[in-house]
S.K.: 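This is the structure I have questions about; it appears just below.
To find a chain, count down the sequence lines: A is the first, B the second, and so on, and within it residues start at 1. Note that the coordinates shown come from a computational prediction; the quantities given were computed from them, not determined experimentally.
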Number of protein chains: 2
Amino acid sequence: MVSKNTEHPEEIEIPEEISGLRMTRQRQEVYRILQQERNHPTANDVFMRVKDRLPNISLATVYNCLEALVQHGIIRQVNFERESSRYCPNLSEHGHFHDQTTGVIHDIDFKPGIRLADLLNLPPGAVIEDVEITLRGKLANI
Amino acid sequence: MVSKNTEHPEEIEIPEEISGLRMTRQRQEVYRILQQERNHPTANDVFMRVKDRLPNISLATVYNCLEALVQHGIIRQVNFERESSRYCPNLSEHGHFHDQTTGVIHDIDFKPGIRLADLLNLPPGAVIEDVEITLRGKLANI
DNA sequence: ATTATAATTGGAATAATTCTTGATTGCGAC
DNA sequence: GTCGCAATCAAGAATTATTCCAATTATAAT
């Protein structure tokens, strides 16, 4: 089998298939960018970056790839207000802190042993499928 | 039932001004609808409802009113994924549970004594201005 | 190799929201 | 009251992120 990228040994190797999703060249490159850019890029950010390697890729394809990756649980889609969706390869349960001065988005982990659903008055019979926590604020410069 | 308004006894009385915002007729009616419809209506939902009383109101005005009310901390704007924004007059710190089968949105309160920021590993110096918690899932029919 | 299926492309379409402009209103000073 | 000013409103155009669609290309199956 011919290695796809012997000529780029430092790069992340991405398998042919991840959790049942066929990893086409476009999906590979989109996914690679998310692995590298950990700053929660938008579809358009990804599009601009990916064009270095796939000059003919279309924005629609980037959207398709991102959706496929999200659907298969390989990446997460994150929304802030009604801004463009952002994407992130961190699958662990975590929240996001949106720094209003810099615009930077930080991943926020729970302190160990915390189960959010235990702290809320949920309606009886509620089965939680997904949780989203977003904090907005500033970083005091210390 | 305590009548607050001699003309329309069942209706909510809305003051001339709330937290520095002049309550024009349009803003009053928009606000009244939010008080009555506790199901997190969208701007368009509000628009359709408010036309009963103000047939000439425009959608742009509804957006303006909602924004003014949000800006003055009189109502809250709530976003789910990238759907239309929804609006809610419940100002207490609370989250939202989005029932995926019915589409209904339930307000979720914290159990008493819970302070979310205590449970998270925030970046040093983070000053939280706003928190948003969204849960998605189903209600087991019991 | 042929056929079938899935993915990609580019452009058009959509939908929520914002912007623009001109008209209207409310309100204080006179 | 009315004059002037600022705020608000209305209507429609513009914007923007995203989705849809039809045609092409790539991959897989037979």
S.K.: Quick check: does any side chain N or O of B:R27 sit under 3.5 Å from a backbone N or O of B:R22, one acting as donor and the other as acceptor?
M.R.: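 Pair found, side chain donor or acceptor close to backbone of B:R22.
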
S.K.: Just N and O in the side chain of B:Q26: are any of them under 4.0 Å from OP1 or OP2 of C:dT25?
M.R.: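 So the side chain of B:Q26 is outside the cut-off, no N or O lying under 4.0 Å from OP1 or OP2 of C:dT25.
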
S.K.: Expressed in angstrom and rounded to an integer, what is the separation of A:Y63 atom OH from C:dA12 atom C1'?
M.R.: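 In whole Å, C:dA12 C1' and A:Y63 OH are 16 Å from each other.
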
S.K.: Quick one: which of C:dT8, C:dC19, C:dT9 gets closest to the side chain of B:A60?
M.R.: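 Nearest nucleotide to the side chain: C:dC19.
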
S.K.: Contact class for B:R27 vs. all strands (heavy atom < 4.0 Å): base, sugar-phosphate, or nothing?
M.R.: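 Result for B:R27 = sugar-phosphate.
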
S.K.: How close or far is atom P of C:dA16 from atom OH of B:Y87, stated in whole angstroms?
M.R.: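 Value for this atom pair: 12 Å.
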
S.K.: First and last nucleotide of DNA chain D in contact with chain B, 5' to 3', at under 4.0 Å to a heavy atom: what are they?
M.R.: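 Under 4.0 Å from chain B, the extent on DNA chain D is D:dA7 to D:dT18.
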
S.K.: To the nearest Å, how far apart are A:I57 CD1 and C:dT9 P?
M.R.: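 About 5 Å, once rounded to whole Å.
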
S.K.: What integer distance in Å separates B:N56:CG from C:dA23:P?
M.R.: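 Taking CG of B:N56 and P of C:dA23, I get 17 Å after rounding.
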
S.K.: Would you say the side chains of B:N64 and B:T61 form a donor-acceptor pair under 3.5 Å?
M.R.: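 Short answer, no.
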
S.K.: Hey, does the side chain of A:T24 come within less than 4.0 Å of C:dT8's phosphate (OP1/OP2), counting only N and O?
M.R.: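 Answer is yes, contact under 4.0 Å.
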
S.K.: Could you give the CD-to-C1' distance, from A:E83 to C:dT17, as a whole number of Å?
M.R.: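 These atoms are roughly 14 Å apart.
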
S.K.: Taking atom types as modelled, is there a side-chain donor on A:H40 or A:D107 under 3.5 Å from an acceptor on the other?
M.R.: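 Present: a donor and an acceptor within the cut-off.
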
S.K.: Starting at atom CZ of B:F47, determine the distance to atom P of C:dA15, rounded to an integer number of angstrom.
M.R.: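 B:F47 atom CZ is separated from C:dA15 atom P by 16 Å.
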
S.K.: Would you mind classifying the nucleic acid contact of B:S84 as base, sugar-phosphate or nothing, using non-hydrogen atoms under 4.0 angstrom?
M.R.: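 Counting heavy atoms under 4.0 Å across all strands, the contact made by B:S84 is with sugar-phosphate only.
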
S.K.: Return whichever of A:N44 or A:N64 has its heavy-atom-nearest nucleotide of DNA chain D closer to the 5' end.
M.R.: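 Comparing both residues, the 5'-ward one is A:N44.
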
S.K.: Let me know the distance between CZ of B:R82 and C1' of C:dT14, rounded to the nearest Å.
M.R.: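 Between C1' of C:dT14 and CZ of B:R82: 13 Å.
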
S.K.: Nearest 0.5 Å please: distance from the CG atom of A:L21 over to the CD atom of A:Q71.
M.R.: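 That separation rounds to 10.0 Å.
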
S.K.: C:dT18 C1' sits how many Å from A:E81 CD, rounded?
M.R.: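 Distance check: A:E81 CD to C:dT18 C1' gives 16 Å.
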
S.K.: Counting only N and O atoms by type, is there a donor-acceptor contact under 3.5 Å from the side chain of B:R136 to the main-chain atoms of A:V131?
M.R.: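 Here the side-chain-to-backbone pair does not exist.
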
S.K.: Toward the 5' end of DNA chain C, which comes first, A:V62 or B:R22, by nearest nucleotide?
M.R.: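 By nearest-heavy-atom nucleotide position, the 5'-most residue is A:V62.
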
S.K.: Short question: side chain of A:R86, backbone of A:Q77 - any donor-acceptor pair under 3.5 Å?
M.R.: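 Checking the backbone N and O of A:Q77 against the side chain of A:R86, no donor-acceptor pair under 3.5 Å is found.
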
S.K.: Assign A:S85 to base, sugar-phosphate, or nothing according to its heavy-atom contacts below 4.0 angstrom with the strands shown.
M.R.: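 Sugar-phosphate contact only.
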
S.K.: Considering the options A:Q36, A:Q35, A:E29, A:Q28, which one meets the side chain to side chain donor-acceptor pair (under 3.5 Å) requirement together with A:R32?
M.R.: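 Of the listed options, the one satisfying the test is A:E29.
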
